[in-house]
Amino acid sequence: MGNLLTLIVLLPLLGALVLLFVPRNAQGQAKAIALIATFLPLIFAGSLYAGFDSGDQAMQFAVNYDWIHINHVFHDKALDIDFALGIDGLSLPFLLLTALITFLAVIVSKKTMHRAKEYFFWYLLLATGLFGCFVAVDLFLFFLFLELTLIPMYFLIGIWGGERKGPVAVKFLVYRGIASVGILLAFVGLAFAAGSVSGDLTMNLVSITDTFAKATPDQISDTFKTGIFLVLLIGILIEEAFFPFHTWLPDTHEQAPTAISMVVGGVLMKIGAYILFRIGVGILPDAVQHYAILIAVLGVINVIYAALVALVQRDWRKLLAFSAISHMGVVLLGVAAMNEAGLQGAIFMTISSGLLSGLLFLLIGLVQERTGTTMIGALGGLSKPMPIIAGFLLAAALASLGLPGMSGFISEVMAFIGAFKAFPVIAAVGTAGIVLAAVYLLWAMQRTTYGPTTVDYESVSDVRALESIPMVVLTAFVILIGVYPAILGDLVNQTILGYVTRIGG
Amino acid sequence: MIAVEQYLTLAAILFCIGLFGALTKRNIIIVLVSIELMLNAVNINLLTFARYGLAPSINGQVFTLFTMTIAAAEVAVGLAILISLYRNRNSSDVRDQDLMKW
Amino acid sequence: MVEYAWLVPFFPLVAYLLLFVLGRRAQEGIVTTLAVLASLAGFVVSLSILSQVHANGPSGPYIFHWLTVGSFDLSVGYEVTALNAMMLVVVTFVSTLVLLFSKGYMNGDKRFVVFYQYLCLFIFSMLGLVISPNLLQMYIFWELVGLCSFLLVGFWYFKPEAAAAAKKAFIVTRIGDLGLFIGIVLVFVATGTFEYSGVFQAIQSGQLNIDWMSHDNFVTLVAILIFVGAIGKSAQFPLHTWLPDAMEGPTPVSALIHAATMVAAGVYLVARAFPLFEASPDALTVIAIIGGITAIFAALIGLTQNDIKRVVAYSTISQLGYMVMALGVSAYVASTFHLMTHAFFKALLFLAAGSVIHAIHHNQDIRKMGGLWKKLPITGWTFLIGALALSGIPPFAGFWSKDEILTGALQSGNTTLFVLGLIAAFCTAFYIFRVFFLTFTGEFRGEKDVYDHAHESGSVMTLPLVLLGIMAIIAGLLNSPVTGYAFEHFMHLDGELGQVHEPSIGMMGLSTVVGLLGIGLAYLMYKSKSINAEAMANGPLRPLYLLSFNKFYIDELYHYVIVVPVVWIARILNFVDHWIVDGIVRALGEAGYVSSLGLKYSQNGQVQTYGLITLLGTVLLIGISLYVVIGGIY
Amino acid sequence: MFSGLVITGQTVSFFLISLFVIACGVMLLSLKKVVYMAMSIGGVFIGVAGIYIMLEAEFVAFIQILLYAGAITIMLLFAIMLTRHDAIETPQKITAHPVWAALGSAAFGLIILWVVKFSGITWPVPAANSPWQGQDNVKLVGEALFSNYVIPFELVSVVLIVAVVGAITLANKEE
Amino acid sequence: MDNGITTVQFSAVWHVMAPEIVLVLCGFAILLFDLFVSKATARRWSPWLGVISLVIALVMVIYNFGVVSDAAPGDPSLQVSNMLYMLDDFGNIFKVIFIGGTLLTMLMSIDYLKHNPDIKAPEYTYLLLFALVGAMVMASSYDLITLFIGLELLSISSYVLVAIRRNNAKSTEGAMKYLVIGSIASAVALYGMSFLYGVTGQTNIAIGSQYIAQMWVDMKPLLILSFLLMLIGFGVKIALVPFHMWAPDTYEGAPNPITSFLSVVSKAAGFALILRTFVFGFAREFNEVSIYLLVLAAVTMVVGNIAALAQRNIKRLLAYSSVAQAGYLLVPLAVLGHGSGEDAIWLAFGETSFYLFAYLFMTMGAFALLTAITREAGNETIDAFRGLYHRAPFQAVAMGIFMLSMAGMPITAGFFGKFYILVGAINTGYFWLAGLLFLTSAIAFYYYFRVLKAMFMKDSASQTQQPLPWSIRTVVWVGLVGTIVLGVLPNLFLDVLNTLRWFG
């Protein structure tokens with residue numbers, strides 16, 4: 001089973017390599033290859049889910065190959081870097097999310113676009129990076145995959161983006177490049193700190209986590225932990241597009257092609273949250289607690305600020321970007337709470353936001369394809385010509401504003417339970433975001449689908465069969481998690497319990 | 001007796017004169033000359049230390065010989081470059097040599 | 001049968017899913033049959049549950065694991081109490097009739113099936129809300145009914161007013177929901193459970209507290225927060241503004257959702273969690289005051305409105321205010337009783353109004369009606385019954401329940417509330433009969449051919465009217481000496497909640513007189529015209545008239561105090577986001593580029609400049625380092 | 001600065017030579033005509049050779065005269081003739097550049113002076129007797145050059161070859 | 001002998017510096033070859049002779065690794081003239097870099113000379129060989145005089161090589177600038193050496209370092225002054241900010257292969273010199289002087305990268321990039337101040353040599369492509385690369401990989417090199433410097449990716465591109481393979497580094 005993980009990571013890469021040998025104008029073949037190279041990982045991820053033991057906190061399906069040893073580090077120790085993959089209850093949901101969204105986004109991608117072959121090449125490279133991030137157990141490897149996402153994204157935005165693609169691609173690149181500096185520093189710093197305690201200098205996530213859990217304050221000082229966490233936090237804030245480092249996200253969403261927007265909103269920006277859970281909560285819980293108030297306040301600022309800004313956006317894509325920022329603020333709240341409910345809520349929120357971002361960007365992409373615009377003011381009455389898209393848009397908007405029965409709600413509930421436990425006042429302020437979300441989402445949704453139909457759009461077509469697959473699947477997952485959250489909760493529960501006992505102990 | 005400092009001071013003054021000349025004179029030949037002046041100053045330093053240094057030794061004199069040789073080679077190449085430069089630009093003014101900038 | 005209570009919401013859910021599968025092209029007859037049958041089945045099951053509860057007492061909760069959060073378990077399930085059972089019956093009954101009525105009302109609409117889908121979804125959600133054994137599940141369905149309300153109000157999405165009303169309904173109630181949300185989250189934080197029973201236990205043992213607040217204060221806080229949810233949902237002052245606007249939806253929707261069921265959910269919630277409220281006298285006081293204010297406030301507005309549905313809507317708000325006030329004065333039974341009777345007669349009034357509207361081509365302005373008695377006899381009769389019930393005239397249903405509320409208010413010692421209630425009762429009688437007289441008597445004031453074509457609708461529409469009319473007449477008797485106060489005994493199966501009030505003949509007389517006075521005034525003004533209504537409105541009472549007519553300018557107030565500032569803040573923040581937050585980012589980028597240009601142009605091609613810069617760097621490096629390192633600062 | 005300085009023939013000659021060297025250096029900086037500048041640098045070279053002699057480096061001084069005052073100065077003159085023999089250094093406008101250059105050079109010199117004289121370093125009192133008292137300077141140098149420093153010596157020959165070849169490559173006329 | 005004169009046996013010299021001697025002899029051989037054969041023949045074959053000489057030298061150096069590892073520690077046969085010249089793996093590894101760089105330069109030149117008939121091929125070839133000898137001397141000597149001569153041999157040869165297109169105004173101008181600044185730098189470095197000599201009385205730093213340690217307290221200002229003067233002198237050679245100003249102009253003016261030679265071999269030699277001089281000369285005092293290296297490294301990284309942002313001329317852009325790379329390369333040495341024990345030194349050497357190898361591959365590859373592409377486009381701005389992907393996909397992809405490697409993107413040698421340096425910096429606790437390193441690389445994305453953008457996202461005017469000449473293609477492939485193999489499997493090289501006996 002362990003090799004499945006390797007396969008999941010390498011299949012898109014393999015697909016990309018195969019694409020190199022496809023003639024430039026064989027666009028159909030290119031798309032087919034991309035479909036296969038993302039569908040197989042989805043299947044494999046599904047079978048991993050089936051074989052996953054949710055009662056076990058350890059990394060499962062682990063594979064480990066020696067890769068790099070850097071000698072003479074730290075009193076003649078060697079820094080071990082391995083090609084180590086594995087999943088636990090935390091990474092599995094992210095893996096599934098990635099597998100799902102990357103596959104669905106291929107379906108959405110048009111094989112008729114110009115330079116389609118290259119598009120799929122970069123796309124598959126991006127997918128490799130994304131998969132790798134969530135299954136890497138070695139921090140070096142993790143970082144490698146994280147950086148690997150940058151290059152394809154640059155091209156995907158830069159070649160297939162909107163009017164301002166050039167500057168936006170560079171902004172994306174440099175901004176996230178800077179973010180990875182903080183992350184890398186923190187990674188290496190953690191490895192060294194752990195190595196100084198355990199005597200075993202390695203970038204292995206699990207052993208670093210264990211070492212930190214066992215280390216006494218004499219061995220690893222709190223100052224070090226808080227310091228390294230701050231460095232890490234800056235990286236996370238940028239990766240995750242948190243205020244005040246969020247401004248790359250609206251631009252990116254505005255310019256990126258639909259499928260890429262789906263991937264960015266659905267998976268790419270969730271890497272930051274994953275790092276926050278994995279490293280922040282998993283390795284540096286003391287530091288998270290030390291900065292709990294800061295994080296919580298930041299979370300609330302994100303929730304409300306982004307919601308208010310979303311209120312006056314004129315472009316769906318930007319509105320959704322700010323909406324995602326606002327929702328992810330709840331993640332910060334939940335994490336800051338550092339209790340079971342808060343953490344679980346935060347993870348749920350991340351996954352839910354990923355699904356919903358994917359869904360919403362897909363729908364807006366479909367609308368844009370038909371009407372040629374995403375400006376909210378220019379749309380209207382689309383329920384009539386495209387009732388199905390309008391219906392799904394409605395469902396997605398409702399899910400996004402936290403309607404029960406969909407994934408957003410249960411996430412919010414848990415996150416706020418956690419937050420209210422820890423800091424009731426801050427949490428209470430944060431709940432205002434729930435109302436604001438309703439205001440801007442309903443406004444935009446109604447402006448688009450309700451009201452009299454604009455003449456130009458009277459005869460536009462509704463969704464086509466192929467396009468409806470991602471729409472339906474994503475909605476199904478949103479509802480599934482909303483109705484039966486245990487499907488996700490049981491996965492992450494053990495991991496969270498592990499984290500929480502560590503805080504107590 | 002002349003103290004070590006006196007020699008060193010003389011060397012420093014010469015060095016600075018050379019430096020200033022190299023940075024301000026307009027004719028490339030004079031710039032090269034100024035650089036020679038700097039090397040001469042270094043030679044004074046070396047010889048001073050060879051005679052009066054903390055651990056006097058003949059090595060300083062040998063060093064000086066090498067320096068002088070190298071300086072000569074440098075000047076030779078420098079002048080050769082100057083001549084081909086003059087051929088190309090018809091000017092030996094260092095300030096005219098700004099084809100490449102920015 | 002009680003353990004099968006889940007069947008009640010299950011039937012409409014199945015109907016919903018079936019309709020969903022059937023799709024848009026399904027035949028109207030099949031659709032209606034399916035929906036009505038489902039609802040009817042639910043009604044039958046409800047009745048049997050009611051009888052079993054009556055015999056064996058409450059049952060449940062039946063709980064299933066749903067989600068594990070760390071060491072906590074969240075569960076779903078259902079539970080049947082007396083209150084639940086009563087609600088189940090009321091909801092299924094009214095639902096069935098409304099589904100039937102809609103067949104006629106929505107006849108020919110392109111999205112007929114969608115309408116029924118939404119209705120079934122609503123019924124499912126409402127029933128789910130009713131049988132929820134815990135606050136979280138209740139909240140889930142609470143939101144779902146809100147969703148259905150949104151969908152149904154905005155059913156005619158192409159009408160901008162409908163869209164706006166739907167949005168308003170959703171957002172305003174959501175503001176209330178926020179309080180409820182915080183409330184139940186706080187409850188969970190304090191007790192670790194969402195179950196009603198667990199919460200009540202914690203209250204009994206005085207353990208409902210949190211480390212930063214004492215038990216009493218915390219209970220008050222939580223109670224008020226939960227009540228805020230009820231304010232939103234039950235359209236209490238100050239969050240009432242959405243309900244009148246919601247009349248943009250199809251009339252059956254107004255009857256079912258905005259009269260009989262969903263808006264009563266707030267009252268139901270407070271009643272369901274009554275032990276919590278009882279533990280906090282302060283919270284009860286707040287509730288009573290809010291209820292009283294709402295009752296009189298909405299009644300005053302109702303006096304001058306011209307839209308037939310809006311008048312009824314304000315009357316709904318007012319009556320909900322009564323119920324809330326009743327709960328506030330601990331008149332638990334009176335409140336729930338009024339909840340039930342109100343469901344019948346208000347649904348009746350709406351459906352009758354709908355029948356009128358349907359008959360005269362969707363005109364809702366009572367100034368353009370008149371003399372419809374002859375054309376719509378059944379509608380007229382049933383409307384009259386409803387109006388009488390609403391006005392509290394014996395022996396109609398409203399009389400019994402309203403009377404009990406007034407008694408409760410008086411006996412709780414709160415005279416002001418009592419007086420408010422009386423005035424509201426007077427106003428109620430006045431405005432509903434104003435509508436009645438203007439609609440059914442006199443000459444038709446609209447277009448002639450409309451009047452000529454007006455006729456009673458088919459039996460699908462009249463049958464519900466008749467059935468509801470019957471209920472409006474007899475339901476009140478359930479808690480009267482006639483039946484030996486059966487309702488009260490039944491409700492007490494849940495435990496002796498609230499205070500029991502002695503009925504008094506004097507009170508009955510008083511309220512009847514007040515009601516009759518109102519009717520009389522309406523008669524004088526709009527039937528016999530011995531008092532000129534226009535003159536009054538334009539005379540010295542004009543400021544008051546305008547105040548009432550413009551709904552006390554509450555909408556405008558909200559617009560300028562809340563909406564406009566929020567939008568401005570949002571605009572400012574957007575500006576900040578673009579020019580400051582992102583501006584700094586871009587400025588940094590620009591600064592980098594500009595300094596790059598600076599460095600580029602410092603490369604001026606002059607070798608001596610290069611040398612000079614090298615020299616200056618040298619001097620700086622050596623100078624500073626020698627100064628720092630050797631000068632002793634280091 | 002001059003405290004404890006005993007006026008002897010040696011000191012007098014040192015100051016005279018120093019004065020000559022510096023004067024020539026200043027002339028180099030201030031003269032207009034390029035040819036004169038080249039002449040003044042010859043003065044410097046000769047003066048410096050005098051200093052070398054004072055430092056008991058006769059062989060080096062000899063080479064200095066031979067190489068610098070002879071070969072290099074002549075080479076410079078040839079170069080001047082080959083380019084523009086009437087080249088005149090036009091008077092400098094007082095721009096920022098020479099000012100900064102003067103400031104920088106002066107600061108550099110002052111730093112060196114400070115380190116050499118005022119930083120608290122105690123220089124050894126010069127031994128009156130030469131460390132290689134009575135030995136033949138040329139022999140000493142030669143021995144060092146051909147024993148310990150034979151590798152750099154050989155390398156220098158390569159440098160000279162490079163210089164010669166390079167000069168020819170760059171300067172010879174097109175064929 | 002009794003008079004204290006050590007005689008030097010040729011066999012001993014041959015033992016330690018055989019590759020250098022061979023290269024010098026080959027240089028002379030080519031010189032003679034030029035004299036005795038016709039111009040055309042000389043022109044045609046001398047680059048090949050150069051290549052052959054380089055290959056021989058490379059083999060000898062690789063053989064020398066074995067010699068070093070076979071010798072007992074402290075074996076006197078590994079040094080000559082009182083540690084004036086050493087045979088050790090430090091020198092060997094640098095020599096591999098130098099020879100490898102020169103070899104690639106030479107290969108590139110075969111094509112370049114074909115297109116530039118005004119360059120005299122034999123002179124060009126043996127000057128390059130002599131320059132290489134200078135670099136090798138810089139890597140193997142402990143003697144200040146020898147180091148200085150090696151430095152000058154490299155520099156003077158480079159001056160001539162830069163000016164070798166003597167009818168090209170830019171070429172001669174670049175040479176003039178290089179010469180003026182380089183000579184001043186030599187004078188300054190020499191000035192510093194003179195002070196060092198004054199304190200130690202030695203021209204040998206290995207021996208002198210004891211004196212330095214003894215005199216540190218008394219002579220601290222003078223020693224620090226001496227250190228700084230040498231640092232500045234060498235800093236000019238490796239183009240540290242603010243001593244880098246000459247680099248863009250010279251790089252632009254020089255013939256392309258020479259530019260790559262300057263930016264790889266010359267720079268690496270500078271680092272060899274710096275490492276030799278400072279790590280040994282100031283071994284015990286290093287923690288006190290490392291602060292200057294830290295400052296210079298930081299300033300160089302920042303300014304080098306920022307200056308490149310607005311640059312449109314591709315050669316100047318690479319010049320600034322190489323300035324920035326010098327900043328990165330200085331980090332391992334700079335953080336040694338807080339290093340403890342020999343391991344820290346081995347780590348620093350490992351980082352430097354790894355990065356230099358990575359730098360060698362990517363820079364050589366980039367310059368080779370640049371040569372072909374700019375020649376065809378007729379200009380040297382980024383516009384020359386517009387739409388290259390559509391014209392010549394392989395060239396664009398290869399150039400893209402070199403750019404990504406320079407930018408430090410994963411699975412390239414450049415990435416692992418930077419990571420390695422970062423590990424070293426964090427190992428000694430210099431988080432800020434490590435952070436700055438990667439931060440400035442992130443800024444550098446802007447200009448590296450601009451090249452990518454031009455190649456992949458723009459349309460080009462012309463639709464055709466000449467195929468790469470085979471010599472250029474060879475260099476590109478070597479660069480590609482090196483860049484990717486070192487990036488994916490760095491341990492192939494790290495393990496080699498691990499077996500090295502850096503100092504015999």
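Here is how names work: the chains are called A, B, and so on, in the same order as the sequence lines, proteins then strands, and each is numbered from 1.
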Worksheet item: Would you find more than 12 non-hydrogen atoms of other residues, nucleotides or ligands less than 6.0 Å from C/F575 atom CZ?
Response: no
Discussion item. Quick check on the 6.0 Å ring-centre criterion: do B/F49 and B/Y7 meet it?
Written reply: no
Worksheet item: Is it true that C/D245 and C/K551 have a side-chain N and a carboxylate O under 4.0 angstrom from each other?
Response: no
Worksheet entry | Heavy-atom contact with chain C under 4.5 Å, split by part of B/L19 | side chain
Worksheet, complete the sentence: Checking heavy-atom separations under 4.5 Å from chain B, one finds in residues 148-156 of chain C none
Item to complete: Determine which residues belonging to residues 588-612 of chain C lie within contact range of chain B, meaning some heavy atom pair is under 4.5 Å apart, and list them by number or answer 'none'.
Response: C/K600, C/Y601, C/Q603, C/N604, C/G605, C/Q606, C/V607, C/Q608, C/Y610, C/G611, C/L612
Item to complete: Could you tell me which non-hydrogen atom of B/G18 sits nearest to which non-hydrogen atom of B/S34, and how far apart they are?
Response: O-CB, 3.2 Å
Item to complete: Output all residues satisfying ring-ring contact (aromatic ring centres under 6.0 Å, His included) with C/F552, sequence neighbours left out; order by chain, then residue number.
Response: C/F297
Worksheet entry | Salt-bridge criterion met for C/E143 and C/R174 (N-O under 4.0 Å) | yes
Discussion item. Using the side chain to side chain donor-acceptor pair (under 3.5 Å) criterion, which residues pair with C/D582? Sequence neighbours excluded.
Written reply: A/K171, A/T247, C/R586
Item to complete: Check whether any side-chain N or O of C/N574 sits under 3.5 Å from a backbone N or O of C/A570 as a donor-acceptor pair, and report yes or no.
Response: no
Practice prompt. State, to 0.1 Å, how close B/P56 and B/A50 come at their nearest heavy-atom pair, and which atoms those are.
Written response: CB-O, 3.2 Å
Worksheet item: Do the rings of C/F20 and C/Y16 sit parallel, tilted or perpendicular, given the 30° and 60° boundaries?
Response: tilted
